[in-house]
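Heads up: the structure comes next, in structure tokens.
In what follows, every chain begins at residue 1, and chains take the letters A, B, ... in the order their sequences are listed.
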Amino acid sequence: MTEERLMDKIIDVCKRRGFVSPTAEIYGGAGGFFDYGPLGTLMRQKIIELWRQSFVLDEDMVFEISGSTLLPESVFQASGHLESFDDPLVQCAKCNSMYRADDIIKRNTGESAEGLPIAELDKKFKENEIKCPNCQGELGNIRQFNLMFKTEIGSTGGINGYLRPETAQNIFINFKRLAGFMRNKLPFGIAQFGSSFRNEISPRSFLIRGREFEQMEIEMFYDPEKENEHPRWEEVADIEINIVTREMQEKGWKKPLTITAEEAVNKKHVPNQYLAYYLALETEMFLVLGVKAEDFWFRHMQDHEAPHYSAGNYDLEANLSIGHMEIVGNALRTDYDLLKHAKASKSNYEIVVDEKKILPHVCEPSLGVGRILYTVLEKCYREDDRGWTWFQFPPAVAPLEVAVFPLMKKDGLAEFAHDVHTELKEAGYLSFYDESGKIGKRYARADEVGIPFCVTIDYDSLKEYTVTIRDRDTMEQIKLPLEDLEVALGELMEGDSDFQEFIDYANEK
RNA sequence: ACGCUAAUAGUCUAGUGGCAGGACUUCGCCCUUCCAAGGCGGGAACCCGGGUUCAAAUCCCGGUUAGCGUACCA
């Protein structure tokens, strides 16, 4: 199995079985946009709920908001996105090398050309007879590459608007109201889930780089002088996290360093408790999602890799078939954004702490929904030598949790089975009913989309009110009274007992 | 973004300047008392737009999408 083929296989299942498909497929598609199908939507929902539960609802000082995806230009003027997202690029006609036009002028003339309009830049190119620094070939026309989607607000095009390139800005521009809601006490966090948009030059790699993508973010505001006084630190201090330090990167690392969150902060591998806290939560979330500890780590990004607002990024990278991919960004944004917006809007963003006015610092875990979903798909994908494939999803992310089958359609088995299916749905399970064809094929179909458990109704069910639960991962079966089914499934789903224990227990009975 | 390659049912694929074929999937019926493999039948495709031609799914041009390379990437 070549590595690139794994992604192809996953894309194939995704399209066939209703996980994800390209947007506007019948019209040839639109690069970088994807639609979630029925199973993809259920799975995506579970990922969001897992995040919401552990990052928001379990916390006392974190609340979630939902802001507009389209924002006026002034927001991005202040945030710095306009500058750092809007680059004039120029490409060599001969060797295809691409350069920033202002950068290349500076190199040739020594004078800064930053922020000049294209016509001015063009003039400078002609005046100075600038050639390609790589091959001395002719450079093509300068083009503006705007990574933000631009539009106009108002019927007469009064002001420019942009689709947000990250969800974070909604939180910073609402800071004053939000701080007021939190009664101006630190620390507090504001969470947000939603779409962001980047007009990528060339979107590739399926869900890993789309032009519209969903983020689950928190801006955690804290007093920089109390950066190691996280209120819930004790709860995560002992959690082991995988770290790749800058030093390890220089030496050429093979395996990440596995240490507790506590050690990571004490040994300065991670700058403070607020950041380490989220590295620990993310680690736990990924383990629940079925990604093994050896398949992901937090890499301290090099300076040149970090975004313009960041004083240090620790990105969660997953070991995928297409290479090491950034799945989650963890940034220390310090007071960068609050400072910028306070200044540009002439607002006072300071908070009084211990009779001292301070501008809070920000720690930002930013999780990409699509990237996480793809990681789970790839890490749970299984195939055997017959070419059969299935997903070994943990129940926590499985889009469907149980499939109910009659052994055959006749003799009232189908009706009985459908009743059981309805009851399971009423009990809150994501249940799927299937009566077509042979039973073996239905097991296979259920396995392909990763349904952890199948329930079969046979002739004993009619006589003795029993059902059979079949475990996807072992293909083992156990017969039990119908009245115990809901509780049994609950225990299996929660992982309170594994299937073998379950069989042993039932046999003892 | 540029370059190379490609595009035929849901999937995989055959094919030719002259009626588009198969396998699997799917649907219906029959058979079938537990792991995709029986029988019969049905449905379903030449990426989009131009051009050349009596005739284009096939040749040419443009676009779209995908893969790869280079570049870009918060």
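- The cationic atom of A:Arg198 (NZ for Lys, CZ for Arg) does not lie both less than 6.0 Å from the six-membered ring centre of A:Phe213 and within 45° of the ring axis.
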Considering only distance and modelled atom types, tabulate donor-acceptor pairs under 3.5 Å from the side chains of residues 11-22 of chain A, sequence neighbours left out.
unit_1: A:Asp12; atom_1: OD1; unit_2: A:Arg16; atom_2: NE; d: 3.4
unit_1: A:Asp12; atom_1: OD2; unit_2: A:Arg16; atom_2: NE; d: 3.4
unit_1: A:Arg16; atom_1: NH1; unit_2: A:Glu448; atom_2: OE2; d: 3.2
unit_1: A:Arg16; atom_1: NH2; unit_2: A:Glu448; atom_2: OE2; d: 3.2
unit_1: A:Arg17; atom_1: NH1; unit_2: A:Arg445; atom_2: O; d: 3.4
unit_1: A:Arg17; atom_1: NH1; unit_2: A:Glu448; atom_2: OE1; d: 2.6

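- Remark: of the listed residues A:Thr283, A:Val244, A:Asp315, A:Thr283 is the sole one forming a side chain to side chain contact (heavy atoms under 4.5 Å, CB included) with A:Phe298.
- Every residue meeting the salt bridge (Lys or Arg N to Asp or Glu O under 4.0 Å) condition with A:Glu401, not counting sequence neighbours, appears here in chain and number order: A:Lys46.
- If you measure from atom CD of A:Glu435 to atom P of B:G28, you get 8 Å, rounded to the nearest angstrom.
- Mapping A:Glu200 and A:Gly28 onto RNA chain B by nearest heavy atom places A:Gly28 closer to the 5' end of the strand.
- When both pairing distances are held under 3.5 Å, B:C40 makes a Watson-Crick or G-U pair with B:G28.
- Note on A:Ser310: nothing from the nucleic acid sits closer than 4.0 angstrom, heavy atoms only.
- Salt bridge A:Arg442/A:Asp447: absent, no basic N to carboxylate O contact under 4.0 Å.
- Taken residue by residue, residues 366-378 of chain A places no heavy atom nearer than 4.0 Å to RNA chain B.
- A distance of about 25 Å separates the C1' atoms of B:G42 and B:G15, rounded to the whole Å.
- Straight-line distance between the C1' atoms of B:G28 and B:U33: roughly 23 Å, to the nearest whole Å.
- Between the NZ atom of A:Lys9 and the P atom of B:G67 there is a distance of 17 Å, given to the nearest Å.
- For the salt bridge (Lys or Arg N to Asp or Glu O under 4.0 Å) condition, no pair includes a residue of residues 410-423 of chain A, sequence neighbours left out.
- The stretch residues 442-452 of chain A comes close to RNA chain B through A:Tyr443, A:Ala444, A:Arg445, each having a heavy atom under 4.0 Å from the strand.
- Nucleotides B:A36 and B:U11 are separated by 15 Å at their C1' atoms, to the nearest Å.
- Between A:Arg333 and A:Glu364, at least one side-chain nitrogen of the basic residue sits less than 4.0 Å from a carboxylate oxygen of the acidic one, meeting the salt-bridge criterion.
- If you check B:A56 for Watson-Crick or wobble pairing at under 3.5 angstrom, you find it has no partner at all.
- RNA chain B is contacted by A:Met408, A:Lys409, A:Lys410 of residues 408-424 of chain A, taking any non-hydrogen atom closer than 4.0 Å.
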Could you walk me through whether A:Tyr314 and A:Tyr278 pass the ring-ring contact (aromatic ring centres under 6.0 Å, His included) check?
CA-CA 10 Å; A:Tyr314 287 73; A:Tyr278 285 117; over 10 Å; no
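- Look at the P atom in both B:C24 and B:C19: the space between them is 26 Å, to the nearest Å.
- Of the C1' atoms belonging to B:U65 and B:G49, the separation is 15 Å, rounded to the nearest Å.
- As a whole-Å value, the separation of A:Ile439 CD1 from B:U32 C1' is 11 Å.
- Checked against a 6.0 Å centroid threshold, the rings of A:Tyr433 and A:Phe405 do not count as neighbours.
- Here B:G17 sits opposite no nucleotide as a Watson-Crick or G-U wobble pair (both hydrogen-bonding atom distances under 3.5 Å).
- Ring to ring, A:Phe221 and A:Phe175 are close: their centroids are under 6.0 angstrom apart.
- Base pairing of B:U11: its partner is B:A23, meeting the Watson-Crick or G-U wobble criterion (both donor-acceptor distances under 3.5 Å).
- Minimum heavy-atom separation, A:Arg164 to A:Leu71: CB-CD1, 4.1 Å.
- Base pairing of B:G62 is made with B:C48, judged by Watson-Crick or G-U wobble geometry with both donor-acceptor distances under 3.5 Å.
- Sorted by first and then second residue, the pairs that involve residues 317-331 of chain A and meet salt bridge (Lys or Arg N to Asp or Glu O under 4.0 Å), not counting sequence neighbours, are A:Arg299-A:Glu317.
- Rounded to a whole Å, the CZ atom of A:Arg211 is 12 Å from the C1' atom of B:C72.
- Comparing the P positions of B:G50 and B:U13 gives a spacing of 29 Å, expressed to the nearest Å.
- Rounded to a whole angstrom, the distance from the P atom of B:C30 to that of B:A66 is 45 Å.
- Between the C1' atom of B:C24 and the CZ atom of A:Arg17 lies a distance of 14 Å, rounded to the nearest Å.
- Nucleotide B:C2: paired with B:G69 (Watson-Crick or G-U wobble, both distances less than 3.5 Å).
- Nearest-nucleotide positions on RNA chain B for A:Pro203 and A:Asp471 put A:Asp471 closer to the 5' end.
- Of the residues in residues 331-340 of chain A, none lies under 4.0 Å from RNA chain B by heavy-atom distance.
- The side-chain contact (heavy atoms from CB on, under 4.5 Å) check on A:Thr474 picks up A:Asp471, A:Glu476, A:Phe499, with sequence neighbours excluded.
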Between the protein and nucleotides 5-10 of chain B, are there any N/O to N/O pairs under 3.5 Å, and if so, what are the atom names and distances?
none

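- Protein atom CZ of A:Arg204 is 10 Å distant from nucleotide atom P of B:A66, rounded to whole Å.
- The C1' atoms of B:U25 and B:G10 are separated by 7 Å, rounded to the nearest whole Å.
- Remark: B:U33 base-pairs with no nucleotide; criterion is Watson-Crick or G-U wobble with both hydrogen-bond distances under 3.5 Å.
- Checked against B:C35, B:C2, B:U33, the side chain of A:Arg470 finds its nearest nucleotide in B:C35.
- Here B:G49 presents its P atom at 13 Å from CD1 of A:Ile26, a figure rounded to the nearest Å.
- Following rounding to the nearest Å, A:Ile478 (CD1) and B:C34 (P) show an atom-to-atom distance of 17 Å.
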Report, one pair per line, the protein and nucleotides 37-43 of chain B atoms (nitrogen or oxygen only) whose separation is under 3.5 Å.
unit_1: B:G38; atom_1: N7; unit_2: A:Lys438; atom_2: NZ; d: 3.1

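- Residues that satisfy the side-chain contact (heavy atoms from CB on, under 4.5 Å) test with A:Ser195, not counting sequence neighbours, are A:Phe197, A:Glu212, A:Glu214.
- Backbone-only engagement by A:Glu305 is indicated by non-hydrogen atom pairs under 4.0 Å involving sugar-phosphate atoms exclusively.
- Note: A:Tyr274 and A:Tyr222 have parallel aromatic rings, judged against thresholds of 30 and 60 degrees for the angle between ring planes.
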